[in-house]
Amino acid sequence: MANADLTTKAEARDFNFFYSNGHHALKNINLPLYENKITALIGPSGCGKSTLLRSFNRMHDLYPGNRYEGEIVMHPDNTNILDANVDPIEVRMRISMVFQKPNPFPKSIFENVAYGLRVRGEKNKRLLADKVEEALKGAALWDEVKDRLQDLAFNLSGGQQQRLCIARALATDPEIMLFDEPTSALDPIATANIEELMNDLRGKLTMLVVTHNMQQAARVSDYTAYMYLGDLIEHDKTGDIFIKPKDKRTEDYITGRIS
Amino acid sequence: MNTATQVQEPSQRTTISPRLAKNYRRNITERIIEFLLMLCALSAVFTTIAIVVILVYESYSFFEHVSVFDFLTDPQWTPLFEDAHYGIMPLVSGTLTISFVALAFAVPVGTIAAIYLSEFASHKTRETVKPILELLAGVPTIAFGYFALLLVTPLLQMVFPDLPTFNMLGPGIVIGIMVVPYIASVSEDAMRAVPMSMREGAYAMGATRFQTAMRVVTPAAISGIVAAYILAISRAIGETMVVAIAAGQQPNLTFNPMDSAATITAYIVQVAMGDLPHGSIGYQSIFAAGLVLMLMTLFFNVLGHFTRKKFREAY
Ligand SMILES: Nc1ncnc2c1ncn2[C@@H]1O[C@H](COP(=O)(O)OP(=O)(O)OP(=O)(O)O)[C@@H](O)[C@H]1O
Ligand SMILES: [Mg+2]
């Protein structure tokens, strides 16, 4: 993969983040997300992976007192999405997120997937039904639920719920998808399903995946970024990071000397 | 010597090691505590049973004089008059009308207050407003009664000049004000119990605060919100003072809130405060009315129980 083929979809530039208690959780982060590629974010617990991921859709805005510094630029708009004049809701409409624990809404399977479209004011029944079907197929869940779309989403298994959450995120045709440890609450088979799904989505949208699972990062991602104590230590092609890391700390982590 | 071998050779010991023997002192203390706890729990059950027994027993004597059919169909309730009639419906209609007015006011106001406090208010606002709201629930009901009679009704009379001094609208609204804190407080607790992850899920889909509150948090908390409504209904049906003071004490078979009327509870205090001879039919009528009141409350509680079950959500 030559660097010339790559388009940057979004990038953090000299990005710093402070929690409301003053904790400086991210320090001068520079990280590009390449278009239609999967970037994995790895690092020991508490190093700031979730914090960085959640900055990309301005999730931190929900809690008063959190502060961003620097830029996260989104392309092709070439706009800093952290700018005070940018509407975080518009950002979230283009950048979807899947959480660590499946968090379906207390609604039917159909309404869960239709939620994002309804929020956008879509009322056309035909179009909603088509979009829901397409998203559920995209999340490899359609065959399992097509006969019970009106069932409560809580009745699905954990793995199905997580795929439902992915379908929910897909239904609005996002440009970027953020995954925060999407398989850490799932068994190996459900995990394999989700990984396969991400693989299928590769090339269709830009993804950023936080994971604690080295094998998963190696299997799924095109690029890998290693973080340590709020710093971004290294970012490179996944193969390079795992085979010949440049930084000693990355190597220690990958080989299991830090966990 | 390791423990595994000891276990395999039980024959070695015939007496139990003192370190493993039952501790009788601890055992007995536990038993006593358990018994005391059970006694407390049972006292509530016994009281309820005692009330039911007395109600049923005294009502039984009442129904020896008055047929159940008359009780349910006679359009008049005049047990203390020369020409006595024993139709409970005027009291039921008064009770239902006032409760309906109260809930028509309290449900929207209380629910919106809960949504505001839980989803929109800042931490500081919430911590200030909630105790004040709960304080409202502690105001003596007699104060609310005069509030209805001397302030709310005169204000309403400016809008509806035909409104009599004693009417059901004023006290209905005041009871509504009284139960707003119950609805707001209990619903707010239910909404705050909805996990943050569910809200984050909605926001991450591009939902606004309002959309998140209405389409995700409220449905997720619905069973708690319904519980709040049930509490409010029971409270409204049972409210006595406000009605006795401000609704007039004329049993009146009407569902028009602009009329004056009496409710079951208002009748009970009115009669109980007079000097009716024990065992007279007027005295017994109190218990028959009380029984109906209890059945109504029970009905709404059971209704609420099933509604809640139907809506129960597991996060
Ligand atoms: N709401 C918060 N307020 C203050 N500090 C926080 C908050 N959330 C996280 N932190 C701190 O910020 C740092 C980064 O946390 P973050 O959740 O991003 O770590 P992480 O890399 O995702 O860890 P994990 O792998 O365990 O999920 C940690 O030191 C954490 O204690
Ligand atoms: Mg995390």
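Scope of the values below: all heavy atoms of this structure, side chains included, with no hydrogens, waters or symmetry mates. Numbered from 1 within each chain, the chains take letters A, B, ... in sequence-line order.
Contact detail for B:Met198 and A:Pro106: the closest heavy-atom pair is SD-CD, 3.5 Å. Closest approach of B:Gly201 to A:Phe99, counting heavy atoms only: CA-CE1, 3.7 Å. Among all heavy-atom pairs drawn from A:Tyr115 and B:Ala207, the shortest one is OH-CB, 3.5 Å.
For A:Pro104, the part sitting under 4.5 Å from any heavy atom of chain B is the backbone (N, CA, C, O) and nothing else. Interface residue B:Thr208: backbone and side-chain heavy atoms are both found under 4.5 Å from chain A. Neither the backbone nor the side chain of A:Arg94 comes within less than 4.5 Å of any heavy atom of chain B. At a 4.5 Å heavy-atom cutoff, A:Leu178 makes no contact with chain B through either its backbone or its side chain.
Counting heavy-atom neighbours within 6.0 Å of B:Phe46 CZ, excluding the residue itself, gives a total of 12 or less. Shown here is B:Phe35, whose CZ atom has no more than 12 heavy atoms of other residues, nucleotides or ligands within 6.0 Å. Counted within 6.0 Å of CZ on B:Phe100, heavy atoms from surrounding residues, nucleotides or ligands total 12 or fewer; the atom is thus considered open.
Note: B:Met196 CE to A:Leu62 CG = 5.5 Å, rounded to the nearest 0.5 Å.
Considering only heavy atoms from C-beta on, B:Tyr203 stays 4.5 Å or farther from A:Asp61 through its side chain.
For the options A:Met93, A:Lys101, A:Arg120, A:Arg168, heavy-atom pairs under 4.5 Å to chain B are most numerous at A:Arg168.
Proximity of a side-chain donor or acceptor of A:Asn103 to a complementary backbone N or O of B:Ser197 within less than 3.5 Å is detected.
Checking A:Asn112, A:Leu117, A:Thr172 one by one against B:Met205, the side-chain contact (heavy atoms from CB on, under 4.5 Å) holds for a single residue, A:Thr172.
Counting only residues at least two apart or in different chains, salt bridge (charged side-chain N to carboxylate O under 4.0 Å, His left out) contacts with residues 200-219 of chain B comprise A:Arg54-B:Glu200.
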